[in-house]
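We name chains A, B, ... by the order of the sequence lines, and we start the count at 1 in each one.
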Amino acid sequence: MRILLIEDDQETADYIMRGFQESGQVVDHSVDGHDGLMMATDAAYDVLIVDRMLPRLDGLKLLSMLRAGGNTSPAIFLTAVGGIDDRVEGLEIAEDYLVKPFAFAELEARVKVLLRDRQGQTAEATSLATGDLTLNRLNRSVERAGQDIKLQPTEFRLLEFMLRNKGSVVTRTMLLENVWDFNFDPRTNIVETHISRLRSKVDRGFDRELIQTVRGAGYLIEDV
Amino acid sequence: MYSFTRSSGFRLTLLASALFIFCMSSVAVFIYLDVRDGMEDQLRSQVAAETRQLMGDYADDGLDELRHDISERLERNPGTRLRYTLQSPGGVALFDRVPLPLEGGWSRVEHQEQTLIQLTTSLDEGYLLGVAADTRSIKETAEALRHALLIVIIPMILLAVICGAIMSRRFLSRVERLRQTADSIGKGSLSARMELSGSGDNFDGLIFTINSMLDRIEMLVHEVRHTATNIAHDLRTPLGRLRQRLEIIEADQTDEHLREKVQDATALLDETLETFAAMLTIAELDAGAIGKNREKVDLPALLHRMAEAFEPVASEHGSHITVETDGPQAATVDRALFNQLLSNLIENALRHNAEGICITLSCGHENGHDFVSVRDNGRGIPSGQHDTVIKPFRRLDPSRTAAGSGLGLTLAASIARHHGAELQLVTHSPGLEVRIVFGAN
């Protein structure tokens, strides 16, 4: 995977590059919008990570120009500007939006989800499965090892999102955004309690636990 | 809904027309009474003069001459002549035989379907002389006058109403344009301005002043937004670096105890960042700088979704959430902000009450306003402290300091205000209801 990081804050850039390089990814870095635009035009990148407030050319304009030029690489805006309207504006151009400060695990999980969506592996599939667990999106049914599992609508959406991203960590924030449509952090542990209920329905009574907790990062449903 | 009969235009037209009608009617009544009284005075003068002439003859030549004079007058102009009655002491009446009163003086008499004004004079030896005039001419003239006045007054009244309506409409259309502009500014279009008519009148003066005020407000809001963005950037960047360093230290740390300490520090930093984010959101909301993405949402569906989201948390708390949807079925809101508002209220109910409560999410309609509410049957808040708890960083007692940023209700109130709604606290026994009343702001 080849990543282009356009970020003017060197310390943040170092932190991101260190994280991705540790997991064996190639990261190119630009400190200003103009050079970043040149780099993105010159080479093909799997993912663009773009700061919104950049010297010489701001992130929003940079990405608009890239899109106008036919560049379709998935992009994540990385920004200290986290207002609701800024977010809406950003998501009209970029595929994802992450507000600073953030945990590296959050950024890494989002990048993986973007790549998975890009490869089109599971986004439109009517049926999602891992191991002996199958989720049917058409009749909204779930079964494991031939047994029907009754899920509440939220539990279904939760499992569906995790299965779409099976094998990748999904963070608490990603779940809040995609399952509940919450762009804020509730003070109560709604994600944890829903995961706990889902686990009791999906994993209880089976030898293999499919839903894993990844410490300090989020949750993972294994790709068996 | 805007009612025409409650509009200032309608009321002004009505008032002006009523005043005009009152004045015109007063003038008409005055003219009518004056003409009628004048004609009656004229008739009385005629009767009195005739009586004086007859009495002169009577004084000179006696009763026979009087009879002779009257007979002569009866033969003249039978249609327009006066009526004459001579009554003997025995009550025998001669000539026109109009009934005479017992005593002399003026009287009004109905005779042969005519209304007469009569002057009765006592003669010697108990004789009475009555001279009367028919008032039909007064009646006919008064009738003609009334008819003429009505013909003039009714069109004038209609004209007055139409003129009043046109003038008040012209005047009030400018007021209405002013109201519409103010309304759109209130809804967040800070660039809206009122148009000057160019006449340089008082209205133009007022609009010029308001437009200047709006320029200043727009500039201030822009500055608030700019400042908020700068604060966000300049504060989040170093805090972000701090967080990154803590994360790197945690990753490199092998001592489990130290790792936990670093995790605690990261969690504390995250909490501080959230409080800061809430403050920024409140400032931006109050400045009208965010929250313009309004959409029509299905309220019952939204409440059910929120209940479902928080039900496992409530269940862990030993409580439960129910939904009542008797009220409005839809509202136009910023979905993201409204989700946050409802979450804050539900979390407040769970956080500030002992276990085992029931939280009811509802939408309803009362006193002409739609509302959405989060009600619990917990310990409530004394009504004297309702205003206090909405203010930033205010808590009721030290036990509440332990949890929350102290901005939950303040943020909820700001989001409500931003939607033209008002956050109201209602005390129940037991419990508290937080209502978001639309259109009450």
Electrostatic pair B:Glu247:A:Arg18 at N-O distance under 4.0 angstrom = no
Nearest heavy atoms of A:Pro101 and B:Gly240, plus distance in Å = CB-CA, 3.2 Å
N/O donor-acceptor pair under 3.5 Å between B:Asn339 side chain and A:Asp181 backbone | yes
May I ask you to check whether over 12 heavy atoms, not counting those of A:His34, lie within 6.0 Å of atom NE2?
-> no
Chain A heavy atoms under 4.5 Å from B:Leu273: which part of the residue, side chain, backbone, both or neither?
-> side chain
Donor-acceptor under 3.5 Å (A:His194 side chain, B:Ala309 main chain) = yes
Tell me, side chain or backbone of B:Gln263 under 4.5 Å from chain A's heavy atoms, or both, or neither?
-> side chain
Please check if atom CE in A:Met39 has more than 12 non-hydrogen atoms from other residues, nucleotides or ligands closer than 6.0 Å.
-> yes
Taking all non-hydrogen atoms of both residues, which atom of B:Ala336 and which atom of A:Phe184 are closest, and how far apart?
-> O-CE2, 4.4 Å
Atom CD1 in A:Ile16, atom CD in B:Gln244: separation rounded to 0.5 Å?
-> 7.0 Å
Please say whether more than 12 non-hydrogen atoms of neighbouring residues, nucleotides or ligands are located less than 6.0 Å from CD in A:Glu222.
-> yes
Should B:Pro312 and A:Glu155 count as side-chain neighbours, where that means a heavy-atom distance under 4.5 Å?
-> no
side-chain contact (heavy atoms from CB on, under 4.5 Å) between B:Glu311 and A:Gln152, intermediate numbers included | CA-CA 11 Å; B:Glu311 196 277 324; A:Gln152 295 291 320; over 6 Å; no
Atom NZ of A:Lys201 with >12 non-hydrogen neighbours under 6.0 angstrom = yes
Taking atom types as modelled, find out whether B:Glu316 and A:Thr193 have a side-chain donor-acceptor pair closer than 3.5 angstrom.
-> no
Mind listing the closest non-hydrogen atom pair of B:Glu347 and A:Arg187 along with its distance?
-> OE2-N, 2.9 Å
Could you tell me which portion of B:Arg243 (side chain, backbone, both or neither) has an atom closer than 4.5 angstrom to a non-hydrogen atom of chain A?
-> side chain
More than 12 heavy atoms of other groups within 6.0 Å of A:Met17 CE | yes
